[in-house]
There are 2 protein chains.
Amino acid sequence: MNFSIRPATKDDLPNVLALVKELALYEKAPEEVTITLQELEEDGFGSNPLYWIILAENKNEVMGMSFYYIRYSTWKGKCLYLEDIVVKEEFRGQNIGKVLFEETIKAAKEMNAKLMAWQVLDWNEPALNFYKKFNAEMDGEWINGKLRFN
Amino acid sequence: MNFSIRPATKDDLPNVLALVKELALYEKAPEEVTITLQELEEDGFGSNPLYWIILAENKNEVMGMSFYYIRYSTWKGKCLYLEDIVVKEEFRGQNIGKVLFEETIKAAKEMNAKLMAWQVLDWNEPALNFYKKFNAEMDGEWINGKLRFN
């Protein structure tokens, strides 16, 4: 199947949120998605965007996305952080994830990022195998800490 | 011992880099620190800062810092990410870390962050015990992935 790649616009946000929810369901935490369309709009499309999105689509149907932002490593400097990469279930197995990942690497290099980083659940074998193909370094020695404000 | 808290300025960056290196040594990865003073200066003190620092000092001697930036969670929205919190070895046990952590929580709330997040090495017992006192959620189920560009 053919597909094309482009940056997301505000109008894509309902589809983006649907992909976020699809991934959260797969990651067994659908109830954790409390973000709203309005927040996504304000935070991603103002004068100082907090994130960017690359979409894969076919005939105006969104098939998948890469959602990323800038992090700052005190060891390395500016980094691209890939928050979510997801392809809709019915479109898997067509290299869409690979193309989205490669486009994200390109975006990282364009912004002079020193590295590209992400996280993956330790039981997510398909994703772990996917990253292996890119010779990614994988490190399970870190624990995520979190305080919620609500 | 008395100490005071303030945001870092450009002039503090040599001390900041020394703290980054001290923490990297403790984390058994001193060779990973390749960032330069010039990069820290450009990235933190331009028109669009990529990070912020809270310092603890006594009589102009820097004793510790919290180094943070904004992340974006597709589940929650805007978050504060605490990249490094470090107190110089000779000043530990004086609540400086606690005050820096609390000041960082304050900064997170001021920027309307939905949560504050960080990572800690799974063998770093003193740090794990420190975070426990704040009732932080700790999650060891994620693996860090990384691609380096050089």
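These numbers come from the heavy atoms of this one structure, side chains and all, not from hydrogens, waters or symmetry mates. We name chains A, B, ... by the order of the sequence lines, and we start the count at 1 in each one.
- Counting non-hydrogen atoms of other residues, nucleotides and ligands closer than 6.0 Å to CD of B:E89 gives a total of 12 or fewer.
- Contacts from residues 12-28 of chain A to chain B, taken as heavy-atom pairs separated by less than 4.5 Å, involve A:V20, A:A24, A:E27 in sequence order.
- Contact annotation for B:S73: both backbone and side-chain heavy atoms come within less than 4.5 Å of a heavy atom of chain A.
- The 12-atom threshold is not exceeded at CD of A:Q38, counting heavy atoms of other residues, nucleotides or ligands nearer than 6.0 Å.
- By the 30° and 60° cut-offs, the orientation of the rings of A:Y72 relative to B:Y51 is tilted.
- Heavy-atom pairs under 4.5 Å with chain B peak, among A:L128, A:L80, A:D84, at A:D84.
- Note that CD1 of A:I70 is 7.5 Å distant from CG of B:N48, once rounded to the nearest 0.5 Å.
- B:A113 approaches A:F149 most closely through the heavy-atom pair O-CD1, 3.5 Å.
- Atom OH in A:Y81 sits 8.0 Å away from atom OH in B:Y81 (nearest 0.5 Å).
- Heavy-atom distances place no part of B:Y68 under 4.5 Å from chain A, backbone and side chain included.
- Chain B forms more heavy-atom pairs under 4.5 Å with one residue of A:T74, A:V33, A:L115, A:D139 than with any other, namely A:T74.
- Of all heavy-atom pairs spanning A:K146 and B:W118, the tightest one is N-CH2, 3.6 Å.
- Interface residue B:E83: only side-chain heavy atoms are found under 4.5 Å from chain A.
- Rounded to the nearest 0.5 Å, atoms CD (B:E137) and CG (A:L147) are 8.0 Å apart.
- Residues B:L121 and A:W142 meet the side-chain proximity criterion, which asks for heavy atoms closer than 4.5 Å.
- Proximity to chain A is absent for every atom of B:N124, based on heavy atoms less than 4.5 angstrom apart.
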Using side-chain contact (heavy atoms from CB on, under 4.5 Å), reason through B:Y131 and A:I143 one step at a time and then give a plain yes or no. CA-CA 11 Å; B:Y131 298 128; A:I143 293 171; over 6 Å; no
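- Among A:K114, A:K76, A:K78, the single residue meeting the side chain to side chain donor-acceptor pair (under 3.5 Å) criterion with B:E39 is A:K114.
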